[in-house]
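Counting starts at 1 for both ligands and their atoms, following the listed order. FYI, the numbering just counts along the sequence from 1.
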Amino acid sequence: MKIIKTVLEMQSFSEEKRCAGKKIGFVPTMGFLHKGHLSLVKKAREECDIVIVSIFVNPTQFSPSEDFDNYPKDFETDRKLCEAEKVDAIFFPSESEMYNSPQTFVEVNELGRVLCGKSRPSHFRGVTTVVAKLLNITKPHKAYFGQKDFQQFVIVTKMVKDLNFDLKIVGCPIVREEDGLAMSSRNKYLSPDERKQAPALNSSLQTAQETFSSGETDAAKVKGAVTKAIVDAGAKPDYVEIVDASSLKPVKQIEKGNLLAIAAFFGKARLIDNRVFE
Ligand code: PAF
């Protein structure tokens, strides 16, 4: 497995593989890999000849008040995990390798302003800009994104369509701990008590599904019940929204395929979770 630190070397690695007729699968990450990331790597391994994982904690998607400096890092463990999954190359650039006083940004307008975009106004601009760069650097045929970050998946898919990137974005299901908590590097910030409260996110999503299955379609009522369940568990909701899963616009009457998305603070940790109504 290669560890590649420069853009030039990464591009020539990928170019060589493409010229040899190999299909490249790419998994962008910010490191501190967990089973959620590894499920993306496994899917890429199944579907492609060459698997590239990037590890880069992207400063431009954090606001000044967020956790950039303290974002968890453990390159040595990440390296071993990638090796065990038969990853071909890790792209592990420095900040200066990725950014040199840039003046160009990629922004997906409306989709980036709702849900998480309301409380994190510059976040998705940072994500789409770095993802566009990483796609140009790693030149994949397919790029894999987890659907825990459903809004990110929708936005990146739209960016790829709007800008005619010649590749496919693949969305992969949320991976959960045994008690239902969605895997996230940020779960590390939870105190033992908060960790016990946090599965309430998933159980409130499950209850909402059951309520819908038994005939309730009023989005306001379902949102109210989910909000109450989260507050009762001891968390502070940032938002609870029921939206169309492509436009991310709120719906009044729930239909199958709509997305229930939640963000909530457990102490300092802001966790997100979601579920598509079945
Ligand atoms: O989902 C993430 O970890 C990040 O937003 C991504 C896609 C690697 C871009 O920095």
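Counting atoms of ligand 1 from 1 in the listed order, those under 4.0 Å from a heavy atom of Val130 are 9 (C), 10 (O). The Pro28 neighbourhood of ligand 1 comprises atoms 8 (C), with distances under 4.0 Å to a heavy atom of that residue.
A distance-only check finds no donor-acceptor pair linking the side chain of Asp238 to the backbone of Ala263 [under 3.5 Å].
Looking at Thr29 against ligand 1, only its backbone comes within 4.0 Å, counting heavy atoms.
Counting only heavy atoms of the protein, atom 3 (O) of ligand 1 lies nearest to Met30 CG, 3.6 Å.
The distance criterion of under 3.5 Å between nitrogen or oxygen atoms is met by Gln61 with respect to ligand 1. Between Gln152 and ligand 1, at least one N/O pair is under 3.5 Å apart.
A centroid separation of less than 6.0 Å is found between the aromatic rings of Phe75 and Phe92.
The environment of Lys73 atom NZ is dense: over 12 non-hydrogen atoms of other residues, nucleotides or ligands sit within 6.0 angstrom.
Lys188 and Pro72 get closest at one heavy-atom pair: CD-CB, 3.5 Å.
A cation-pi contact, defined as under 6.0 Å to the ring centre and within 45° of the axis, links Lys133 to Tyr99.
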